[in-house]
Amino acid sequence: MADGTDGGAILQVVSGDGSFNTSGVEQFVKATGVETAGVGYSIVAIMGPQSSGKSTLLNHLFGTRFEEMDALSGRHQTTRGIWLARSAKVAAPTTLVMDLEGSDGRERGEDDTSFERQSALFALAVADIVLVNMWAKDVGRESGAGKPLLKTIFQVNLKLFQPAPNRRRTVLLFVFRDRTRTPLEKLIETWEADLQRMWDGIAKPPQYEQYGIKDFFELQYAAMSNFEDRGEEFSAEAVVLRRKFSTDADEGESFLRQSDEKLPGHALALSMAKVWEVVREHKDLNLPAHRVMVANIRCAEIAAEQLEAFRRDPTWRGLAEEAEQDLAASFGQRAADLMDSCLEGYDEEARYFEAGVSEAKREELVEALEGLVRPAFEGQLALLRELALAAFKQQLAMGGAPGEAFVDRAQRFSGEALEQFDSQLGDVVVPDTSWETASARAQLERDVAAHVQSARLEHVGEALAAAQKAASKDVSAAAISLLESPPADLWLRLTTVSSKATAKACGQLEREVEGYGLEEDELAEVEVKVGEAARQQLLAHAREAANTALSRVKDRFNEVFQRDEHGMPRTWQPSVDIAAVTASGRRAAALLLSQLCFVRSGPTSPETAAAEASVLRLADDVAAGPGPGSSAGGGGLLRSRGAASEASTFDLLSATEWPGVAEADVLLAPGQARSIWRQFMSDSTFSVQQALATQEANRAAQNRLPPLWAIVAMVVLGFDEFVAVLYNPLWLVFLLLLFLFARTVYQEMDVEAEMQRGLLPGAIALSSKFVPALKKVTFQTMDSAKNFLADAPAAGAGGDSGEQRAAARSGGGDLRSRRPREVELSAGGLGSSSGSGEGSGSRKDD
């Protein structure tokens, strides 16, 4: 088939056996330009008896090249089926010419008239103008003019097509061939009368009873000369008749009619295929319904094509990619322009179809377009929200004006973030859409509020952590020092330290969170957390001390036992009362152990006082225990049961918990305290034994006489000097006075006490005290001598001096003869009470 623009190409639309050439029609419609012509095309069909010159008439009228019968070869069927060509002689509108197989042909037989009716009905449904080719001399005849076929066509047309009166009237152009001298008016008059009788005689559906033939068809007439005898006249008449098929025809003469129900050219192939399918299957063909069906199919196809074109549009792709990466400038308007362009393309192609159908499909296309654009719109909306939120976060992090409260700063920045969102929202919103944006703004408000709350909580959390750290640090500094050397009021002082640290940290916390909108209950809650942190730090140190209670108790005992009140190491001279020192050390150890048993966080209750006293009585019971012969390791502890039961109802030996003490405040259980005390007693006994052994060694060293050879040497070598002194009373008196003076200086400097502190510390202390002591004794001696010379006679003065010297010698003898009391080395107790120890200490100080 050629390009179809010069009338040379013809197409068999329906074959002789009734098969429709779907692909061929589609290609033909495209090739002839009908597809893009909209409704600016026309279809002309011709029907009539076989070998009546139908093809010849079409070829001369429209310049087509349908096959014509060769008269010399005999009369036979030339056109079989339905053929289609484009008119080469009608410039506008684009005219398609349809040549139908002739009726009443001998090839199909007398009874096979079904294809004739089908092709005729197909022509009436598809064509705008149907030429009925008939001989002029057959007008007035019953069968020769094809009246039976026309009657059948009219009847079936009303049944199958169910046309609407006066809506779309097919032009029936009756062409009277080989005209005679009978005027055309007479032929028309006769023929219309026959048509009316045929119309009145057919069985019509009830809804069409009141309508006439002209309500469904527009009847036109033309007469043509004989082609063979009067060929030139035939051609001239064909030219005149051809003008009536074009837009160049004079007004009132044109066969072209405008109709809103005409399908556009791109739907022609589909419409023809569906019409032939209905006609072929003898189904009822409702032309309005058929147009709706074609409109549905074609509008859906157009919408799909436009949607696919929109999806592949580089401009849309670029906009979508830009929207994925960043906030696209004027996104809403650009997207709306692309959607409008797509809809305009749809409207341009679908405007010739049923308005209801095209509008419905247009709505579907709009929904589909919105389905493509909406994800990008929502992405832009989310990005706009994220940008506003990011700007808000940045501003909030940078801070505001000096002195501006956090709450005021957050409120101001949140308002600016919402204003930024609202100002840029216009560029994102797609015009003519009902897409909701309030939820995005509400989400932004929620995000802003959540970030404000998060920043607020973060700052409060940091301030709380700093306050807790400061409180813990202050508590640690004081608690470590107090627990190293616990005083008697340890827990009172620890509680005071914790309270002061908490108050100081809470003051710092309040300054840090000022302006952050904390309610009173919230502030009270965080202050409670600060206090709890301080308490937990205090408990941590207390538990650490309790875990090392044994070593601490031993260290406390050694501190008291091994060092004197000046902190100097004891030398365990015979004058030291070891029993008293031991009792004092164990009492200090028991006091420390009682303080490490449980936490005291408030006023002492009678129960806790009894528990604390039971621990202190451990040392007292040991000190009051029996003398030698008691078993080492716990005799005193075992004997404390009776004393405890007498003093209170709390029995430390059998108790499993401390009365009146919460489980969380327990540092050492009663069983642990008993175990620690037993171990302490076992370990401290060794220290006491060492002290007693050292004291015995010192006593033995002081009572040892010089060796015999030294005595003999002193007698032999000093005999002359001794005799000289005896024979010289002045030397004897001088030496006696010098001895008494030195003795007095010795006692004034308290040499023995100073040397107990150690050789070097004692020597340093004595060197500093020597000169003052020497001056003091000298002045006292001089005053005594003056008083003696002034108030007493020489003999009395000599007697008094003798008494003083005797008293001095007696005192010296008492000091030298003093012996420390024996200390029992029993694990259960020592040989002296705490009262005797205190008295010994007082005598030593004197």
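When the side chain to side chain contact (heavy atoms under 4.5 Å, CB included) test is applied to Ser472, the partners found at least two apart in sequence or on another chain are Ala533, Gln537. Residues meeting the side chain to side chain contact (heavy atoms under 4.5 Å, CB included) test with Ala542, sequence neighbours left out: Trp491, Leu667. In this view, Asp683 and Lys554 satisfy the salt bridge (Lys or Arg N to Asp or Glu O under 4.0 Å) rule, not counting sequence neighbours. Applying the salt bridge (Lys or Arg N to Asp or Glu O under 4.0 Å) test to Lys769 and every residue at least two apart in sequence or in another chain returns Glu754. Partners of Gln672 under the side chain to side chain donor-acceptor pair (under 3.5 Å) rule, at least two apart in sequence or in another chain, do not exist in this structure. Residues that satisfy the salt bridge (Lys or Arg N to Asp or Glu O under 4.0 Å) test with Asp665, not counting sequence neighbours, are Arg535. Taking the side chain to side chain contact (heavy atoms under 4.5 Å, CB included) definition, one finds that Lys786 meets it with nothing, sequence neighbours left out. Taking the salt bridge (Lys or Arg N to Asp or Glu O under 4.0 Å) definition, one finds that Glu748 meets it with Lys776, sequence neighbours left out. Under the ring pair (Phe, Tyr, Trp, His ring centres under 6.0 Å) criterion, Phe598 pairs with Trp658, not counting sequence neighbours.
Taking 4.5 Å as the limit, some side-chain heavy atom of Arg586 sits within range of a side-chain heavy atom of Ser684. Taking the side chain as every heavy atom from C-beta outward, Leu593 and Arg552 never approach each other to under 4.5 Å. For the pair Val666 and Glu657, the minimum side-chain heavy-atom distance is 4.5 Å or more. Looking at Leu692 and Val688, their side chains come closer than 4.5 Å, going by heavy atoms from C-beta outward. Residues Leu591 and Leu616 are in side-chain contact: their nearest non-hydrogen atoms beyond the backbone lie under 4.5 Å apart. Contact annotation: the side chain of Arg617 approaches that of Ser614 to within less than 4.5 Å [non-hydrogen atoms, C-beta and beyond].
Smallest separation of non-hydrogen atoms from Ala501 and Val475: CB-CG2, 3.7 Å. Here the closest non-hydrogen pair linking Leu774 and Thr778 is O-OG1, 2.6 Å. Here the closest heavy-atom approach between residue Ala479 and residue Leu494 is recorded as CA-CD2, 3.8 Å. For the residue pair Ala545 and Leu483, the shortest heavy atom distance occurs at CB-CD1, 4.2 Å. The two residues Gln679 and Leu550 come nearest to each other via the heavy atoms CG-CD2, 3.4 Å. Closest heavy-atom contact between Ser476 and His541: OG-NE2, 2.8 Å.
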**Request:** Test Leu490 against Leu482 for side-chain contact (heavy atoms from CB on, under 4.5 Å), laying out the working first.
**Result:** CA-CA 7 Å; Leu490 171 66; Leu482 289 173; 3.8 Å; yes

**Item:** Thr495 and Leu538: CA distance, side-chain angles, deciding distance, side-chain contact (heavy atoms from CB on, under 4.5 Å) verdict
**Value:** CA-CA 9 Å; Thr495 303; Leu538 178 61; 5.6 Å; no

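No salt bridge links Glu532 with Lys529; every basic N to acidic carboxylate O contact stays at or beyond 4.0 Å.
For the atom pair Glu559 CD and Leu592 CG, the distance stands at 10.0 Å (nearest 0.5 Å). Rounded to the nearest 0.5 Å, atoms CD1 (Ile676) and CG (Leu668) are 4.5 Å apart.
Atom CZ of Phe770 has 12 or fewer heavy atoms from other residues, nucleotides or ligands within 6.0 Å.
Ser675 contributes no side-chain N or O that, together with a main-chain N or O of Gly671, makes up a donor-acceptor pair within less than 3.5 Å. A donor-acceptor distance shorter than 3.5 angstrom exists from the side chain of Gln595 to the backbone of Pro487, with no hydrogens or angles considered.
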Output a table of donor-acceptor pairs, distance under 3.5 Å, between side-chain atoms of residues 512-522 and any protein atom two or more places apart or on a different chain; print 'none' if there are none.
residue, atom, partner, partner atom, Å
Tyr516, OH, His459, ND1, 3.4
Glu522, OE1, Arg456, NH2, 2.7
Glu522, OE1, Glu519, N, 3.0

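Identified under the salt bridge (Lys or Arg N to Asp or Glu O under 4.0 Å) test for residues 540-551, with sequence neighbours left out: none. Listed by first and then second residue, the side-chain hydrogen bond (donor to acceptor under 3.5 Å, both in side chains) pairs that reach into residues 500-511 come to none, sequence neighbours excluded.
Using cut-offs of 30° and 60° on the angle between ring planes, the pair Phe557 and Phe561 is parallel.
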